[in-house]
Amino acid sequence: MEERNKTLGEFIIENQNAFQYSSGELSRIINSIRLAAKVVNYKVNKAGLVDIIGAAGERNIQGEDQQKLDVYANEVFIQTLINREIVCGIASEENDDFITVEGSDKSHNNKYVVLMDPLDGSSNIDVNVSVGTIFSVYRRITPIGTPVTIEDFLQPGINQVAAGYVIYGTSTMIVYTTGHGVNGFTLNPAIGTFYLSHPNMQFSKDGPIYSINEGNYVHFPQGVKNYIKYCQTEEEDRPYTSRYIGSLVSDIHRNMIKGGIYIYPTSSKAPKGKLRLLYECNPMAFIVEQAGGKASDGFGRIMEIIPTELHQRVPFFCGSYNMVEKAEEFMLKAELSKY
Ligand code: P6P
């Protein structure tokens with residue numbers, strides 16, 4: 001079968017044995033994400049038509065207004081995963097604490113935990129800008145048959161067995177990795193099937209784009225300010241183009257295709273950064289590294305950070321390898337100049 005006509009279902013079956021724990025459970029997790037993505041996609045595309053837009057009136061642990069679609073997407077992904085008897089625990093940006101899934105036989109026998117941001121960039125929904133779902137999968141580290149504990153979720157990103165995102169954009173795509181490269185699948189909404197449209201996605205080592213919210217410039221660390229000035233200097237392949245959608249999945253997806261760097265640094269407004277390590281930065285870092293890119297907190301590899309809390313935030317520099325490396329050079333130089 002020609003690669004590009006392959007469906008996500010066929011791809012999962014063909015690659016199931018490549019996954020080191022190929023008991024089929026990981027395939028069932030990806031299939032569960034696929035189904036939930038189609039359900040959420042339908043609602044996201046109808047958001048402008050029904051009274052589902054606007055804050056649900058509640059605030060999530062991040063202190064952000066919860067959009068009704070956030071709440072809806074969270075419920076769809078959680079319920080779809082629970083119904084398939086695959087995971088022993090779920091953590092979500094929308095839930096203060098993790099969810100223990102004991103299974104219909106109350107055995108806690110499932111081996112995987114899933115962490116997710118069910119609808120990232122939701123503030124863009126009302127202005128019709130693309131949003132995304134981000135997910136991260138680990139094998140539990142506490143004994144099977146016992147209730148999942150926080151240790152199962154506080155694993156470094158290098159332990160991920162799968163990660164991916166759904167982008168609800170001009171077309172809806174699932175992009176994911178199980179540690180054997182990154183592949184993108186585009187939904188044909190007419191028949192509800194995802195087709196392999198972007199086999200073996202790769203970041204170019206350099207790129208023409210830098211993505212950062214320059215409105216926060218005055219609050220940035222000196223190293224970031226210096227790197228922004230470097231991007232804007234007429235020299236070699238610069239100045240770069242500035243592109244910032246304000247939706248993490250969209251900004252990184254674009255950069256993966258065109259080349260570029262995305263930065264959400266610390267600032268006086270966000271002293272630890274804004275993005276969450278466990279269900280935004282680690283899954284995106286796994287994908288970016290599998291596509292030949294680099295993901296850093298400005299000084300070191302994101303996926304080697306040992307998490308200490310479920311919703312912890314970190315600064316995030318990710319994208320084309322050489323661009324992230326250059327940004328780290330500016331961060332180190334600025335740090336050393338303090339002494
Ligand atoms: P700012 C969306 O809220 C999000 O978490 C990411 O998707 C996005 O990249 C970032 O925050 C945008 O934040 O502060 O630039 O609006």
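Only a predicted model underlies this, so the values are computations on that prediction, with no experimental measurement involved. Computed over heavy atoms, backbone and side chain alike; hydrogens, waters and symmetry mates excluded. In listed order, ligands and their atoms are each counted from 1.
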**OP:** Tell me whether I86 is reachable from V39 by hopping between hydrophobic residues (I, L, V, M, F, W, Y) whose side-chain heavy atoms are closer than 4.5 Å.
**Re:** yes
Original post:
Should R28 and E85 count as an ion pair when the cut-off is N to O under 4.0 Å?
Top reply: no
Original post:
For atom 13 (O) of ligand 1, which candidate among E280, K274, K269, E214 holds the nearest heavy atom?
Top reply: K274
**OP:** Consider every N or O of S123 and every N or O of ligand 1, then say whether any pair is closer than 3.5 Å.
**Re:** no
Original post:
For atom 9 (O) of ligand 1, which candidate among Y262, Y264, Y244 provides the closest heavy atom?
Top reply: Y262
**OP:** Would you please indicate if the ring centroids of F185 and F11 are separated by under 6.0 Å?
**Re:** yes
Subject >> Contact check: D251 vs ligand 1, nitrogen or oxygen atoms, below 3.5 angstrom >> reply: no
Original post:
Quick one: salt bridge (charged side-chain N to carboxylate O under 4.0 Å, His left out) partners of R84, sequence neighbours excluded?
Top reply: none
Subject >> Per-atom contacts of ligand 1 with L248, taking only distances under 4.0 Å to non-hydrogen atoms >> reply: 6 (C), 7 (O), 8 (C), 9 (O)
Subject >> Sub-4.0 Å atoms of ligand 1 with respect to non-hydrogen atoms of L275 >> reply: 5 (O)
Original post:
Are K6 and Y195 in a cation-pi contact, defined as NZ or CZ under 6.0 Å from the six-membered ring centre and within 45° of the axis?
Top reply: no
